[in-house]
Trainee: 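Can you read through this structure? Questions will come right after.
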Amino acid sequence: MSYDLVIFDNDGVLVDSEPVANTVLASYLTELGHPTSYEDSLRDYMGAAVHRVHDLVKERSGQLLPEDFDETLHARTFAAFERELKPVEGVTEVLEGLVEAGVPYCLASSGSHQRIRFGHRLTGLDRWFRDEIVFSAQDVGRGKPAPDLFLHAAERMGVAPGRCVVVEDSALGVRAAVAAGMDVYGFTAMTPADALVGACGYFGSMKELPGLIGRA
């Protein structure tokens, strides 16, 4: 089927940030006395807002992270982005196709507006995403896997949830989209399909996406 709105996740779908960000996060948590491997970080935090890091560390260790944890993490992540961040291969072609076809799209990310904008400026994706189609977990009370962010994006874009399709690469994001009553396709470049339970279908290359969402 075709859809009235395509909702993109950001990290790992538009910008190839997950390897960079999770390397930084795992290293910082380990430095603070909470041993975390890169694989642990992907499993536990990929697709989540930073409050999940605080919640899981407290749940597992009974300890609170430092008051400046978010600020330090963001600074280290942004520095790594400046060195390494790139757009996901093929995503600009997908965006060009949607624009040419007149298909509305937007972004709904667990990341902060600052992080989203910083990454887009570095990669040149800012030309595709004006402010009014960028939505962050900062805009709602609960981030993914709650459906709030996707429902907020659909409402702001004036499209019923059932007419939206979400493009996600994290288990938490897929759960959020399903809970919002939206179709969702799982991008398997970093996450295996069996970890994206509930997706309507899966794709490993952006060139496959237009055919899945009825815009080939």
Trainee: With distance as the sole criterion, is a donor-acceptor pair present between the side chains of Y45 and N22 under 3.5 Å?
Mentor: no
Trainee: Less than 4.5 Å apart, any side-chain heavy atom of Y185 and any of L212?
Mentor: yes
Trainee: Step by step, would you call L32 with F69 a side chain to side chain contact (heavy atoms under 4.5 Å, CB included)?
Mentor: CA-CA 10 Å; L32 293 172; F69 177 84; 3.7 Å; yes
Trainee: For the side chain of Y202 and the backbone of L196, is there at least one donor-acceptor N/O pair under 3.5 Å apart?
Mentor: yes
Trainee: Mind checking ring pair (Phe, Tyr, Trp, His ring centres under 6.0 Å) for H120 and listing every partner two or more places apart, or none if nothing turns up?
Mentor: F129
Trainee: Regarding D11 and S17, do their side chains bring together a donor and an acceptor under 3.5 Å, going by distance alone?
Mentor: yes
Trainee: Taking T188 for its side chain and T191 for its backbone only, find out whether a donor-acceptor pair lies under 3.5 Å.
Mentor: no
Trainee: L29 and L65: side chain to side chain contact (heavy atoms under 4.5 Å, CB included), yes or no, with the steps?
Mentor: CA-CA 9 Å; L29 287 174; L65 290 169; 4.0 Å; yes
Trainee: Compare all side-chain heavy atoms of I133 with those of Y105 and state whether any distance is below 4.5 angstrom.
Mentor: yes
Trainee: Check side-chain contact (heavy atoms from CB on, under 4.5 Å) between H113 and all other residues, then give those that pass, not counting sequence neighbours.
Mentor: V134, S136, Q138, D139
Trainee: Looking only at atom types and distance, does a side-chain atom of T36 sit under 3.5 Å from a main-chain N or O of T30, one as donor and one as acceptor?
Mentor: no
Trainee: Got M206 and V88 here, is their nearest side-chain heavy-atom distance under 4.5 Å?
Mentor: yes
Trainee: Would you check, one step at a time, whether the test side chain to side chain contact (heavy atoms under 4.5 Å, CB included) holds for V6 with V103?
Mentor: CA-CA 8 Å; V6 181; V103 179; 4.1 Å; yes
Trainee: Taking the six-membered ring of Y28, is NZ or CZ of R76 closer than 6.0 Å to its centre and within 45° of its axis?
Mentor: yes
Trainee: List the residues meeting side-chain contact (heavy atoms from CB on, under 4.5 Å) with E89, not counting sequence neighbours, and say none if there are none.
Mentor: none
Trainee: Can you label the angle between the F187 ring and the F203 ring as parallel, tilted or perpendicular, going by 30° and 60°?
Mentor: parallel
Trainee: Is the backbone N or O of S205 less than 3.5 Å from a side-chain atom of E208, with the two atoms forming a donor-acceptor pair by type?
Mentor: yes
Trainee: Hey, are the side chains of L25 and V53 touching, using non-hydrogen atoms and a 4.5 Å cut-off?
Mentor: yes
Trainee: Could you walk me through whether R60 and H34 pass the side chain to side chain contact (heavy atoms under 4.5 Å, CB included) test, one step at a time?
Mentor: CA-CA 9 Å; R60 292 169 174 174; H34 306 285; over 6 Å; no
